[in-house]
Structure formats: structure tokens, C-alpha cells
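Down below is the structure, laid out as C-alpha cells.
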Number of protein chains: 2
Amino acid sequence: MTSQETPLDWGTRYAARMAGMKASEIRELLKLVDQPDIVSFAGGIPDPALFPQAEIAQIYAQICGDRAQFDAALQYSVSEGDAGLRQWIVGYMAKRDVVCGPENILITNGSQQALEFLGRMFLSPKDTALVEAPTYLGALQAFSAMEPVYDTLPTGATNRTAASYRDTAEAAGGGLKFAYVVPDFANPTGHTLNIGERRELLQFARDLDIPVIEDSPYVALRYDGEEVPMLQALDCAEQGGIEASRVVSLGSFSKVFTPGLRVGWICAPSDVIGKVTLMKQASDLSSSAINQRVIATLASTRFDQQVAEGIAHYREKRDAMLSALEQHMPKGVKWSKPEGGLFIWVTLPEGLDATALLQQSVEEARVAYVPGHAFYADGSGRNTLRLSFSLPPVSAIEGGIAKLGALLRGAIE
Amino acid sequence: MTSQETPLDWGTRYAARMAGMKASEIRELLKLVDQPDIVSFAGGIPDPALFPQAEIAQIYAQICGDRAQFDAALQYSVSEGDAGLRQWIVGYMAKRDVVCGPENILITNGSQQALEFLGRMFLSPKDTALVEAPTYLGALQAFSAMEPVYDTLPTGATNRTAASYRDTAEAAGGGLKFAYVVPDFANPTGHTLNIGERRELLQFARDLDIPVIEDSPYVALRYDGEEVPMLQALDCAEQGGIEASRVVSLGSFSKVFTPGLRVGWICAPSDVIGKVTLMKQASDLSSSAINQRVIATLASTRFDQQVAEGIAHYREKRDAMLSALEQHMPKGVKWSKPEGGLFIWVTLPEGLDATALLQQSVEEARVAYVPGHAFYADGSGRNTLRLSFSLPPVSAIEGGIAKLGALLRGAIE
């Protein structure tokens, strides 16, 4: 090798935006939990016992048994997504009081791709994205690739003015670009915004004249309590329709049917859908045609039944976890009581560090969870953690929480 | 609606990078060609007659018939991609003299996603990407989202120095970031770089100390002539292995098996794969697990057979098109004679405009093609066009070329 042939120093060649992309320490730690004797409350993983095996087998057999259908399902397809699936989503959104047409829907590879597209569509370096604290880790990962800064959405406890948000964004060197929120059974807290909070959030977005991204992967999985209208439904009603709405909503089939087909959607004014369709085309041409066909058939034949089965199944698991927490958690530990979704949020006494405790929890108690600070854009929340009740069997939930309770009791004393 | 509730002006909210994303006029025009009496030489669409229907039906039945396999195939999966598929690709790359391990492979949603990732990984606004003229339209779309400028790779006809490339990039306001090339049966020209040209390109990249992106979706589809080593194989041999190579290669199952499962890959030094895996995670978590399983099974059971069938099938179509061109094209029209791939590149006499002729061609001759200027970063090449022979039946190729020849004869006279 001559000096001229010195290997390329890749680290010096990446664009500046790559500096913000780091492997998550937590993800590395959680790679260890794939062992059979560990009870994992970590990932928000749907229970595969709910995947409709016979129905999916039959749909594949039917597609593969019809040459014309098969050829179309295995071919390149349009970037906007399967026409039948988009039409089904139009009907679904109408039931949620969002009246729209196919021109308002784009199919994505799960909601994660929608988050990446919207981050790329709106954020330049130093722009501000408004998020909840804590918020969905995957949204922070998707947005962070565009080098934004984050500010925290107002809550009951804060009373910052619109001007203060504008000033803070300007001081950071960019503009206020959007508010991102998971209004139903939030990841990670399980919290649901009530209708008053939703109206306030919309008014806040109007005052700042920014879009709202409403991420709703869990909305169908409500175990008790009254349904609350979507932000997009409220805004459409007040503004006179989707074309005048500032809300972009994201939906997913991952939690109701299966994540392995990677099918989600964006519902938005047609101008936004037009732009994001160009991004889809440049990013991966289209989502898998056959996967969209499978989801379209499942959705049109058994969506309500699948939702009912999921609700019954996960409600039992949520109840098992809440009752185990009641029984086993030491004094000073608090937790959320979600009306739906997959997550319970636990707050430890101040001074305890859930990240430091995770290694001990995995090694000694054989119980895994996700430390809460990963969900804070500013890295705070060291004394919080997220538990998911979706994957372990009911029988394992009680034992796992008992062991976690014992570990925490030891840490507090 | 009060004045406070004026609808949001979306156009003012998009990030600057969105300005470069425009709907392609050509794509709009080509939407018209989906009519049964039109012979389309436009898209580079694999012939579905080659999709292995019985085998794919059987693989789906087998996965869906085994609960453990089914559950894993329908669940979330790792961002790097299916371990078995990556291992198969390692073996495939070894046959092409690229010795690597699974740590050098990431699965993507077709090659298009790899192009988008690499553009995002390397390019900041005003950076320079070096491309062929003409080059693959989808690569320009993927890269352009990051607001680069383009310079043209040297050919036999140019003798620009490395310093001149550096100066030009600096004058544009950024750095030289990579060379992008489709070395085998290029889209759109059908041209293949010979071994001398490959060595020169690698030396050029070493002189400039930049990475080379080798896009090879058609490499397996060679109809005659001698195979030429991959750029990555040549560089690995000269540099002592893949970790010291500056080449990132992209592969795809779309042209050999089926595009509808959206499975491709990146093969690169492990540092690059580590970074791009973080992008994959933030972009869509992972590719569809079941699609990767189907491709892995197809690849390990019938890759060579599928390639042999594809070669026989497309060779016949290429020959039909070359012979029809010989017979029907008026004097002054020239075309490439590709040894593989899906495309023939046609150069009309100076002064003719293939874009202007397209509407007439579609409306009168009922023949579609892609105007060549779409493949030029600078919009030149108005007198060129791309023909794909992959989709129409042999019987339609002769008639379509005859009609196109008559149209061109009229335009020339």
C-alpha cells in the first residue's frame, strides 16, 4: 500500500447531521434481555398471540393463487400507496370525525417513517420542535437527524406565553416548526389528553401558527373510560375541513394487527400529502405492495373484531400489572393508570436512578424495563421508568413486578 | 372563522430542502401510459412472468403454517436486517470477490432507500456529488433532497485534474463528497465500464480521497460478453480488504426476483454500516421481517436458476429491440448495444427534442419512452431517450419500435 492509498477516514466524511446519531446505550443494554428467564417489560411489543395467523395465511394463499393479483402485488407500485387501503383509511378516519379523501392519505412503512418524513419536511438545523416531556423516543431519534433543538409543550404547571416560545426558538437560531404529541395513551406515560387539554393545545398552535403532529398508534386500544375526539377531528370541525386544518395525524396497523408488515399512514391536507409523496418516492419508491394488500384485506374484513380481541387481551394484562404494582411497590413509588395503550409510567423517589438500577434489575431480579430519561429530550427524568405490559403473559407479570418491587425496596432503604 | 383562525400557509413552513423536491413532469406524462393499447418502453419494470409464483406461494404457506416462524416474521425485527439473509448476501458477495461479514451488510427497502440514506449521510447543502451524465434519475431525486450540487465524473473525452474538481466544489460552497456510478448495464445508457475504466475511476477517487458508491441492481443480468469485476472487488484486492475499501456497493433483489417485497442491501466497511443502521432505525425501525424471510428462502433455494431464467428471457427481448431498431430507425439516430440490464439509450440528431416528441409519441404512435434529459443533473440531453425492453412481450417490441421509427422519420424530415 503506498501512502497515496491510505484508507479513507470515514469519520471526517459524514455530513454534520450525523454527529447527533448515536447508538442508544439503553438499546445496547436491552439487547441482553432476549434470554428466556428474563421478564421483559421493556419494548412496546405487540403480543404475537393476537396476530391472526389463519386469516393471514388465507390472504397470502388467495393473492398467490390468482396470477393477476399476484403479479400486481409483487410489482413496483405507486408511491401514494394501495388505492383500496387508502380508501379503507378514509372510511376509518370518517368514523373518527375526520372527513377526508384519498388525496389526504399517504401509506408509510409504519409510523416511524412518517415521523422521519415530517422531521425532514419541516426542520432545518437549529429550528425548534415542541415535544412533551417525556415523549416518544423514536420521534426524538427521527427528528434529531435534522439537527433541531427541542422546547417543551406547555402543561397545566407552566404558563409560558406564545411570545416566550417564539423568543426561545429565535435565541436558538431558528424558527418554531411544529408541536408533536401522542394524545392517546402516550408512549411512554400512558397519559391521555382530555378534551379541554386538546382544545388548549390547538389554540396554542393557532397562536403560534404552527402545525400539530398527532401521533396515534394506540388510539383504538382503549380499555375503559370515554373516547376523546382526535385533535384532527376537533380542528377540522372548527376550521371547516381537513384542507384548512393545521393537524397532521399518523396512524399505524402495527399495534392492532402486526408490525412485521410495516404499514402505517399519514392523514393531512393535500398540500402536505403531495410533498410527502415526493419524499416517499425519493426515499424508497413505495411501500411493499403485497404487504399493503394483506393489511387492506385484514382491515376490511376484521378490523373491529381484531380491536375487540386486542382490548380484551391487553386490558387483562394492564389490570394484572396495576394490581401487582399496588401489591408490591414500596412507599414513595408512583405510577400512571392508563386507560389504554401498552405502557405504565413509574416515578421513583427523587435521587434514585433508573438507568443505574437497570443493570441490577436485569442481572439480579431478571426483570427489564426502559429507563425514563431516554424519553426526555433534555436527558432529565433519571428517577422514572417505563413498563410495558403487552408482551409477557399475565402469569409472568405478577412475578416480575414482585421482583422489581423487592429490588426497589432495597434501593430505597 | 375568526382572523385568528386563518388556515396555516404550509408553503411557508417547509424546510428549505423541500424547494428542490418537485413533481417530475415526465412522471406526470407517463401516468397516461397505463392504457392497454400503449406499448410502454418507459419504466424499467421487471416482467412479472418471471416472478416465481408457485415458489413464493409455497414459502408464504410454510411461514404461515409454523407458529414460531409466523410470529417472528410478523413481529418487529432488528434494524440491520434478517440474519439469514445477510449471511446469504455475504456468500454472494464472496462469489463476486468481495470478502465481507454480516457486519458489512445492511438490508434496505430496495436500493432506493440505500441511495436516500447515503445522500443523507454524506451531503450537506452545497456539497458536490460526482455523477455520470446521464445517470439514474432516482439517485438524483434521493440526493437532491439534501441540496447538493452536481459535477460530472471524468470520461475518456475529458481530462480535468483532481485539483479542478476540488476547486469547482469549493467554488460551489461545499466539499466533494462522493462519486456515484452504475458500472454494469447502467440506467439509463446500458453502458458497462470496462476494467481499465474501473481502475481509472478508483484511482480518481483515491486522488480526491472520496468514497465511491457502486450501484449494481442489474449486475447479475448479463446476456453476453465477459463479466467485469465489481469496483468494490477491485478496491478490496488493492487495499487489502473491505474495511480499507472506499467503495460502498448497493444490491437489489428487485430485478432478479421481485420489486414488490422491497428488499435490497448496502455492503460497506463496518463503520459505514454502523452509521447507516442508526439511520435505518430512526427512519423506519426495520424492513418487513416476512418479506426478508421470503427473499432469503428464494435466494438460498433458486437464485442461480432465477438468474438463468431472467437472462434467457431478457436476452430475447433485448435482441428483438436491437433488431427492430436496426430495421426501423431513420438515419442519424444512434443507440447503445447493452450486454445486460434493461435499457437501450437512443440519441436523436441534434435539434430534436425527445420531451416534446413524447406527447406525440404517446398520442399518435401509442408508444411511451422516457426522455433522456431527466437523467442529466444539468437538464441537458434533450435529444436523447431511454427505451426499456423488459416489460413488453417480444411480439409488441417490434411493432412499437416500428411506430417510433416512423414518428422519428417524420420529425427528422
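Order of the sequence lines fixes the chain letters, A, B, ..., with proteins taken first and strands second; residue numbering starts at 1 for each chain.
B:Ser245 touches chain A through its backbone: at least one of N, CA, C or O sits under 4.5 Å from a heavy atom, while the side chain does not. Heavy-atom distances place no part of B:Val294 under 4.5 Å from chain A, backbone and side chain included. When heavy atoms are compared at a cutoff of 4.5 Å, A:Val276 does not approach chain B at all. Only the backbone of A:Leu123 comes within contact range of chain B, with heavy atoms under 4.5 Å apart. Within the 4.5 angstrom heavy-atom criterion, only side-chain atoms of A:Asn291, from C-beta onward, approach chain B. With a 4.5 Å cut-off on non-hydrogen atoms, A:Ala142 touches chain B through its backbone and its side chain both. Only the side chain of A:Tyr60 comes within contact range of chain B, with heavy atoms under 4.5 Å apart. For chain A, the nearby part of B:Asp66 is the backbone; its heavy atoms alone come within less than 4.5 Å. Using a 4.5 Å cut-off between heavy atoms, B:Ser287 contacts chain A through its backbone alone, with no side-chain atom that close. Using a 4.5 Å cut-off between heavy atoms, B:Ser124 contacts chain A through both its backbone and its side chain. Neither the backbone nor the side chain of A:Thr108 comes within less than 4.5 Å of any heavy atom in chain B. With a threshold of 4.5 angstrom between heavy atoms, A:Gln281 approaches chain B through its backbone and through its side chain. Contacts of A:Ala49 with chain B are made by backbone atoms alone, with heavy-atom separations under 4.5 Å and no side-chain atom involved.
Put simply, of B:Met121, B:Gln141, B:Gln53, the one with the most heavy-atom pairs under 4.5 Å next to chain A is B:Gln53. Taking chain B as the reference chain and counting heavy-atom pairs below 4.5 Å, the highest number among A:Lys177, A:Met18, A:Gln292, A:Glu243 is found for A:Met18. Top candidate by heavy-atom pairs under 4.5 Å with chain A, chosen from B:Lys275, B:Met21, B:Arg120, is B:Arg120. In terms of non-hydrogen atom pairs under 4.5 Å with chain A, the most contact-rich of B:Val263, B:Ile210, B:Asp127, B:Leu115 is B:Ile210. Interface summary for chain A: among B:Gly138, B:Ala289, B:Gly274, B:Pro211, the most heavy-atom pairs under 4.5 angstrom belong to B:Pro211. For chain B, the option among A:Met279, A:Arg67, A:Gln113, A:Met146 with the highest count of heavy-atom pairs below 4.5 Å is A:Arg67.
Annotation: the span from A:Leu176 atom CG to B:Arg13 atom CZ amounts to 9.5 Å, rounded to 0.5 Å. Between the OG atom in A:Ser254 and the CG atom in B:Leu285 there is a gap of 8.0 Å [rounded to 0.5 Å]. Residue A:Ile59 holds its CD1 atom at 9.5 Å from SG of B:Cys64, rounded to the nearest 0.5 Å. With rounding to the nearest 0.5 angstrom, the CZ atom of B:Arg262 is 5.0 Å from the OG atom of A:Ser286. The distance from the CD atom of A:Glu116 to the OG atom of B:Ser283 is 4.0 Å, given to the nearest 0.5 Å. In this structure, CG on A:Asp209 lies 5.0 Å from CG on B:Leu8, to the nearest 0.5 angstrom.
B:Tyr76 approaches A:Gly44 most closely through the heavy-atom pair CE1-O, 4.0 Å. Minimum heavy-atom separation, A:Asp271 to B:Tyr14: OD2-OH, 2.5 Å. Closest heavy-atom contact between B:Leu74 and A:Thr258: O-OG1, 2.5 Å. Contact between B:Phe51 and A:Asp71 at its shortest, heavy atoms only, is CE1-O, 3.7 Å.
A:Glu80 meets the salt bridge (charged side-chain N to carboxylate O under 4.0 Å, His left out) test with no other residue; sequence neighbours excluded.
Sparse packing is recorded around CD of B:Gln58, with 12 or fewer heavy atoms of other residues, nucleotides or ligands lying under 6.0 Å away.
Put simply, the side chain of B:Gln75 reaches to within 4.5 Å of the side chain of A:Pro259, judged on heavy atoms.
Classified by interplanar angle (parallel below 30°, tilted 30° to 60°, perpendicular above 60°), the ring pair B:Trp10/A:Phe122 is tilted.
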